[in-house]
*Asks:* 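I'd like to ask you about the structure that follows.
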Amino acid sequence: MERTHHNNQLTINEVGQTVTLIGWVSKRRNFGSLVFIDLRDREGITQLVFDETKAELIKNVRNEYILQVSGKVVERKSKNPNIKTGEIEINVESVEVINEANTTPLIIADETDALEETRMKYRYLDLRRPVMLNKIRTRHQITQVMRRYLDEIGCIEIETPILTKSTPEGARDFLVPSRVHPGEFYALPQSPQLFKQLLMISGFERYYQVARCFRDEDLRSDRQLDFTQVDIEFSFLNDVEIQTHIEEMMRRVMKEVLNYDLVTPFLRLTYKEAMNRYGSDKPDNRFGLELQDVTTIFENCEFEAFRSAETVKAIVVENQASMTRKEIDALTALAKKHGAKALTVLKMKETLEGSVLKFFNEEEIKHVISSLNLQENDLILMVADKWEKACDVLGALRSHLGKTLKLYDEKAFSYLWVVDFPLLEYSEEDGRYYAKHHPFTSPKKEEIELLDTNPKTVNANAYDLVLNGYELGGGSLRIYNQNLQKKMFEILGFSESEIQERFGFFVDAFQYGTPPHGGIALGLDRVAMLLTHSDSIRDVIAFPKNASSKDPMCEAPSPVEPSQLDELNIAIDIKKN
RNA sequence: GGUCCGGUGGUGUAGCGGUUAACAUGCCUCCCUGUCACGGAGGAGAUCGCGGGUUCGAUUCCCGUCCGGACCGCCA
């Protein structure tokens with residue numbers, strides 16, 4: 001089957017040529033003895049014209065039929081500036097109907113009115129919409145630019161196993177039963193973390209992989225069960241050197257894919273600063289509305305909740321003092337959803353107003369006004385709680401308000417690094433420490449000795465890349481000293497035998513000359529989502545799962561044949577609550 | 001596991017304690033030689049997610065359930 005051009009190619013310069021085109025019938029406009037057809041392929045649309053003598057040929061042709069047509073390129077009488085080929089059209093001489101099509105359950109156009117449910121069920125048709133096709137293509141381009149750069153700087157692409165060993169920390173594993181070894185299971189990788197570190201021990205020095213990862217957790221618009229990480233690891237580079245490579249890679253992606261100029265190096269915020277100013281470890285700094293600390297103002301006040309709180313933080317929302325009771329209740333509900341006990345609301349009218357003011361003396365009120373630099377018509381939201389909680393709640397309010405009050409340019413891109421994460425997190429519930437990043441992340445060199453005395457305060461050589469409030473990826477320098485790695489496992493509460501059973505192979509490897517190394521993993525789906533201005537990563541994944549972990553198209557997951565279970569020595573006993 | 005929102009022709013929505021269930025689009029037939037979201041005339045197409053309850057009467061109100069979505073928990 002031959003075509004001479006794609007449907008985006010023909011211009012006024014080709015007038016007079018005889019061409020052959022292939023494509024789907026996108027739209028048919030019938031004038032009796034004169035018929036127009038918009039012929040669509042993956043590149044674009046070309047208008048076909050069938051005059052009186054040819055109209056008969058396509059009498060039965062409907063939308064989404066596939067045609068191969070030959071004809072002469074002619075200049076249009078009335079041009080269409082909205083499409084690339086709008087200056088010309090094809091005077092069709094011959095037509096072959098390559099295939100017919102039923103009426104589609106959704107309209108194949110950029111502005112479909114179909115709900116996501118319908119789009120997912122007929123995903124192949126959803127993807128046929130040019131807007132979707134282009135998103136998937138953009139993803140391809142992003143991957144290509146990344147691959148080219150990583151190759152250029154000497155990273156070797158290496159595949160690591162999909163069937164691997166269950167890891168105890170982190171997300172739930174997907175398990176795959178072994179037929180050959182009854183009762184035993186492979187796990188699908190949550191990330192190739194251990195393997196890429198082993199590759200450094202092997203001496204590959206620089207590695208990357210466009211790696212499929214699997215986590216059996218609930219989904220979100222930016223989370224899928226199986227997702228793709230661009231997984232990168234370097235030997236002998238420090239954290240800034242690694243970050244610099246990533247900055248350059250992203251700079252090229254933005255330039256080559258979107259023709260968007262990024263300034264490097266990116267802004268770096270410490271975890272503490274990010275939390276203090278934005279109430280998030282993945283801040284969107286395209287707008288202000290920063291958090292402010294007012295703890296000290298209230299340390300002797302009459303208001304018990306403020307006086308005794310570890311932290312009192314505030315955000316000042318300009319010109320929103322007129323917000324209705326209903327809107328404020330919604331903000332309070334949001335604060336409570338994020339775990340706040342209460343949201344304190346003040347309004348700056350002619351004077352400061354708010355029900356809690358009765359607890360404050362004149363001095364304290366003055367102090368609030370001056371330190372927050374309050375102007376008339378400001379709305380002030382305050383939360384008193386533990387530091388992290390207060391930051392987190394106001395951070396949630398901040399991003400909510402940023403979005404609803406449209407405080408930022410949606411088309412802008414703001415990259416930044418969040419660095420110096422705490423190494424550990426203490427879980428009151430379990431009475432033990434968990435690794436904030438993962439158990440192989442190295443503590444800051446100068447803080448290693450604090451591991452014995454005050455592990456909580458130790459920071460990690462860990463860094464997250466953040467774009468517009470989304471965590472694009474995280475990385476760290478790894479521990480390469482076997483004693484330090486052992487100590488980490490001890491702090492995390494693993495016994496000697498647990499270490500051996502779970503990471504034995506990994507710890508063993510450390511004995512044989514482990515280079516200093518570190519790396520990062522970038523969520524490709526999120527990169528593609530943000531660069532295509534999509535609301536969900538589902539838009540940039542060809543065949544995604546829906547919010548309840550199902551594939552509405554092929555209906556996975558599904559029951560299997562009893563004989564399949566027999567072979568796996570598995571009996572099913574579903575526990576119902 | 002939880003909270004909130006939704007489920008009405010193929011698609012997307014409106015509606016309401018009693019309707020011939022409305023509108024747009026798509027589909028079918030007819031008319032049309034310059035459209036490009038063509039236009040015009042006509043037509044087919046819905047047991048209002050499912051089960052139960054309240055009621056003389058339920059698509060509408062209530063309860064349950066299933067399905068979809070957003071978020072919280074969870075996601076080192």
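Just so we're on the same page: letters track the sequence lines, and every chain starts at 1.
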*Asks:* How would you label the contact of Arg62(A) with the nucleic acid (heavy atoms, under 4.0 Å): base, sugar-phosphate, or nothing?
*Replies:* sugar-phosphate
*Asks:* On the ring face of Phe287(A), is Arg398(A) found with NZ or CZ under 6.0 Å from the centre and within 45° of the axis?
*Replies:* yes
*Asks:* What does nucleotides 45-51 of chain B look like as a protein-contact string, B for base, S for sugar-phosphate only, - for none, at under 4.0 angstrom between heavy atoms?
*Replies:* -------
*Asks:* With sugar-phosphate meaning primed atoms plus P, OP1 and OP2, does Asn546(A) contact a base, only sugar-phosphate, or nothing at under 4.0 Å between heavy atoms?
*Replies:* sugar-phosphate
*Asks:* For the side chain of Asp525(A) and the backbone of Thr228(A), is there at least one donor-acceptor N/O pair under 3.5 Å apart?
*Replies:*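 The answer is yes, because a donor-acceptor pair under 3.5 Å joins these two groups.
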*Asks:* Under 5.5 Å between ring centres and under 30° between planes: true for Phe31(A) and the base of rU33(B)?
*Replies:* no
*Asks:* Classify the side chain of Asn63(A) and the base of rG26(B) as holding, or not holding, a donor-acceptor pair under 3.5 Å.
*Replies:*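 Checked by distance alone, the answer is no.
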*Asks:* Phosphate oxygens OP1/OP2 of rC32(B): is one of them under 4.0 Å from a side-chain N or O of Ser33(A)?
*Replies:*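 No, no such contact exists.
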*Asks:* Looking at Ser548(A), I'd like to know whether one of its side-chain N or O atoms comes within less than 4.0 Å of OP1 or OP2 on rG68(B).
*Replies:*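 So the side chain of Ser548(A) is within the cut-off, an N or O lying under 4.0 Å from OP1 or OP2 of rG68(B).
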*Asks:* Contact class for Gln47(A) vs. all strands (heavy atom < 4.0 Å): base, sugar-phosphate, or nothing?
*Replies:* base
*Asks:* Can you tell me, in whole Å, how much space there is between the P of rG43(B) and that of rU54(B)?
*Replies:* 42 Å
*Asks:* Asp284(A): what forms a salt bridge (charged side-chain N to carboxylate O under 4.0 Å, His left out) with it, not counting sequence neighbours?
*Replies:*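 Checked Asp284(A) against salt bridge (charged side-chain N to carboxylate O under 4.0 Å, His left out); matches are Arg286(A).
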*Asks:* Which part of the nucleic acid, if any, lies within contact of Ser191(A), taking any heavy atom under 4.0 Å across all strands shown: a base, the sugar-phosphate backbone alone, or nothing?
*Replies:* base
*Asks:* Taking only residues at least two apart or on different chains, which pairs with a member in residues 547-557 of chain A satisfy side-chain hydrogen bond (donor to acceptor under 3.5 Å, both in side chains)?
*Replies:* Asn546(A)-Ser548(A)
*Asks:* Where the side chain of Glu52(A) is defined as all heavy atoms beyond and including C-beta, which of rG68(B), rU33(B), rC71(B) is the nearest nucleotide?
*Replies:* rU33(B)
*Asks:* Decide if the gap between the ring center of Phe503(A) and the ring center of Phe440(A) is smaller than 6.0 angstrom.
*Replies:*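 Centroid distance Phe503(A)-Phe440(A): below 6.0 Å, so yes.
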*Asks:* Mind checking if Arg538(A) touches a base, just sugar-phosphate, or nothing, with heavy atoms under 4.0 Å?
*Replies:* sugar-phosphate
*Asks:* If we take the C1' atom in both rU19(B) and rU60(B), what is their distance in whole Å?
*Replies:*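 The answer is 12 Å between these two C1' atoms.
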*Asks:* Is it true that Glu425(A) and Lys436(A) make a salt bridge, defined as a side-chain N closer than 4.0 Å to a carboxylate O?
*Replies:*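 Salt bridge present between Glu425(A) and Lys436(A).
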*Asks:* For rC72(B) and Arg220(A) - does any side-chain N or O of the residue sit under 4.0 Å from the phosphate oxygens OP1/OP2?
*Replies:* yes
*Asks:* Between Asp38(A) and Thr118(A), which has a closest nucleotide on RNA chain B that is more 5'?
*Replies:*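 Residue closer to the 5' terminus by nearest nucleotide: Thr118(A).
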*Asks:* Using the C1' atom as the point on both nucleotides, what is the distance between rU47(B) and rC31(B), in whole Å?
*Replies:*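 Going atom to atom, C1' in each nucleotide, I get 37 Å.
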*Asks:* Please report the distance separating the P of rG15(B) from the corresponding atom of rG6(B), rounded so that it comes out in whole Å.
*Replies:*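 Comparing P positions in rG15(B) and rG6(B) gives a spacing of 11 Å.
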*Asks:* So which one's nearest nucleotide on RNA chain B is more toward 5', Thr104(A) or Arg29(A)?
*Replies:* Thr104(A)
*Asks:* Heavy atoms under 4.0 Å, any strand shown: does Ile107(A) hit a base, just sugar-phosphate, or nothing?
*Replies:* sugar-phosphate
*Asks:* Answer yes or no on whether Arg29(A) is positioned over the face of Phe31(A), meaning its NZ or CZ is under 6.0 Å from the six-membered ring centre and within 45° of the axis.
*Replies:* no
*Asks:* Give Pro439(A) one of three labels, base, sugar-phosphate or nothing, depending on what nucleic acid heavy atoms sit under 4.0 Å from its own.
*Replies:*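 Since a base atom lies under 4.0 Å of Pro439(A), the category is base.
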*Asks:* Base, sugar-phosphate, or nothing: which does Ile83(A) touch, judged by heavy atoms less than 4.0 Å apart?
*Replies:* nothing
*Asks:* Looking at rG68(B), which nucleotide sits across from it as a Watson-Crick or G-U wobble partner, both distances under 3.5 angstrom, or is there none?
*Replies:*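 Partner of rG68(B): rC5(B).
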*Asks:* Which of the following nucleotides, rG73(B), rU11(B), rG69(B), is nearest to the side chain of Arg223(A)?
*Replies:* rG73(B)
*Asks:* At under 4.0 Å between heavy atoms, what does Gln190(A) touch on the DNA or RNA strands: base, sugar-phosphate, or nothing?
*Replies:*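 Gln190(A): no heavy atom of the nucleic acid under 4.0 Å.
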*Asks:* Taking only side-chain nitrogens and oxygens of Lys27(A), does any of them come within less than 4.0 Å of OP1 or OP2 of rG26(B)?
*Replies:*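 The answer is yes; a side-chain N or O of Lys27(A) sits under 4.0 Å from OP1 or OP2.
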*Asks:* Lys79(A) near the nucleic acid: base, sugar-phosphate alone, or nothing, with a heavy-atom cut-off under 4.0 Å?
*Replies:* base
*Asks:* Using atom C1' of each nucleotide, how far apart are rU11(B) and rC16(B) to the nearest Å?
*Replies:* 23 Å
*Asks:* Could you give the distance separating rC72(B) and rG10(B) at their P atoms, to the nearest angstrom?
*Replies:* 36 Å
*Asks:* Do Glu217(A) and rG73(B) have a side chain to base donor-acceptor pair shorter than 3.5 Å?
*Replies:* no
